[in-house]
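Written below as structure tokens is the structure these notes are about.
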Amino acid sequence: KQLGLGTNTTSQVAPQQVYGATTNRLQEIIAVSAGAKHSLALTRNGQVYAWGANNHGQLGDNYAEADTGIPVKVLAGEQGDGELSKITSISAGGDHNLVLQRDETLPNNKQGYLVYSWGSNANGELMDGSLNEAATPVLTVYSDKTNEDWAGSWYDNFEHVTFMGSVGSYHTALVSQ
């Protein structure tokens, strides 16, 4: 189902178009990333879609779907009551994901990014200070921001993340200033 071909689970040897919940194909995709058994797509307007396995919440839909071959929009907020937006970069790992979100609330009119993650967290790969999996995106400790207040509490020497590195099966790598 990680191919995004609906109920068609046959292996493919040629590229195929990924379709959304209707018969329309996903539009204006600027990036894709594949995990172990799930995939992500980033649209030009900064939204994220996911499909495939969802046994650790890696689809980011608050477990609304079981494993699915049809892309679902990644939600935001602990209850999944919003939509993830302003995303500029995506990376899928084994059973978890990381995204960068443009942050326009930094002091002194600086531009920066927030790092969100969701899915499996057995080895701390979500970087949220816990080992609990998350079925919707959570703000990582590397974002250095809590409840709209610039805190600087977890990593005093950590400058804002500027580029997303790579997400592996059980680890995450980031690049900062």
Side-chain angles (χ1 to χ4, degrees), residues 1-2 31 33-42 46-68 71-107 110 112-177:
K1 294 185 178 180
Q2 63 265 36
S33 186
K37 294 182 180 179
H38 73 287
S39 301
L40 299 177
L42 175 63
Q47 294 180 320
V48 180
Y49 288 85
W51 60 92
N54 199 22
N55 54 316
H56 295 287
Q58 58 266 50
L59 298 187
D61 67 346
N62 205 18
Y63 296 114
E65 295 287 334
D67 298 356
T68 181
V72 296
K73 201 175 284 188
V74 175
L75 303 176
E78 283 185 35
Q79 305 304 317
D81 52 1
E83 292 181 3
L84 204 57
S85 63
K86 297 181 185 176
I87 302 303
T88 61
S89 183
I90 59 174
S91 187
D95 292 320
H96 70 289
N97 307 294
L98 244 66
V99 298
L100 289 183
Q101 182 184 58
R102 192 173 23 258
D103 182 11
E104 298 161 352
T105 64
L106 296 175
K110 291 183 180 178
Y113 296 91
L114 299 175
V115 182
Y116 285 88
S117 58
W118 68 95
S120 176
N121 198 23
N123 300 288
E125 52 266 54
L126 297 187
M127 302 180 301
D128 67 344
S130 80
L131 294 177
N132 303 320
E133 64 184 36
T136 57
V138 295
L139 192 61
T140 70
V141 296
Y142 287 101
S143 296
D144 210 18
K145 183 176 180 177
T146 308
N147 298 327
E148 301 302 317
D149 293 323
W150 193 252
S153 57
W154 281 67
Y155 294 93
D156 293 335
N157 296 323
F158 192 86
E159 295 291 327
H160 223 58
V161 171
T162 57
F163 175 77
M164 175 133 40
S166 180
V167 177
S169 292
Y170 304 108
H171 68 281
T172 304
L174 299 172
V175 176
S176 68
Q177 294 179 1

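Here the structure is a predicted model, which is why all the values come from computation and not from measurement. Only this structure's heavy atoms are used, side chains among them; waters, hydrogens and symmetry mates stay out.
The line from CD of Q47 to CD of E83 is 5.0 Å long, rounded to the nearest 0.5 Å. Considering CG of L59 and CH2 of W118, their distance stands at 9.5 Å, rounded to 0.5 Å. Summarising the geometry, atom OG1 belonging to T88 is positioned 5.0 Å from atom CG belonging to L100; distances are rounded to the nearest 0.5 Å.
Here the shortest heavy-atom pairing between Q58 and A50 reads O-CB, 4.4 Å. In terms of heavy atoms, G93 sits closest to H38 at O-CE1, 3.3 Å. Of all heavy-atom pairs between G60 and P137, the closest is O-CD, 4.3 Å. Closest approach of A92 to S33, counting heavy atoms only: N-OG, 2.8 Å. Smallest separation of non-hydrogen atoms from A135 and Y63: CB-CE1, 3.3 Å. Nearest heavy-atom pair across S117 and L126 is OG-O, 2.6 Å.
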Hey, mind stepping through L139 and Y116 against side-chain contact (heavy atoms from CB on, under 4.5 Å) and telling me if it holds?
CA-CA 5 Å; L139 192 61; Y116 285 88; 3.7 Å; yes

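A donor-acceptor pair is defined here as one N or O able to donate and one able to accept, closer than 3.5 Å; such a pair exists between the side chain of Q101 and the backbone of S85. Without hydrogens or angle criteria, N121 side chain to S130 main chain gives a donor-acceptor distance under 3.5 Å. In this structure a side-chain-to-backbone donor-acceptor pair under 3.5 Å is missing from D61 to V74. Under a 3.5 Å cut-off, the side chain of D95 and the backbone N or O of G119 do not form any donor-acceptor pair.
Proximity of I90 to N97: side-chain heavy atoms (C-beta onward) are nowhere separated by under 4.5 Å. Between K37 and N55 the shortest side-chain heavy-atom distance does not fall below 4.5 Å.
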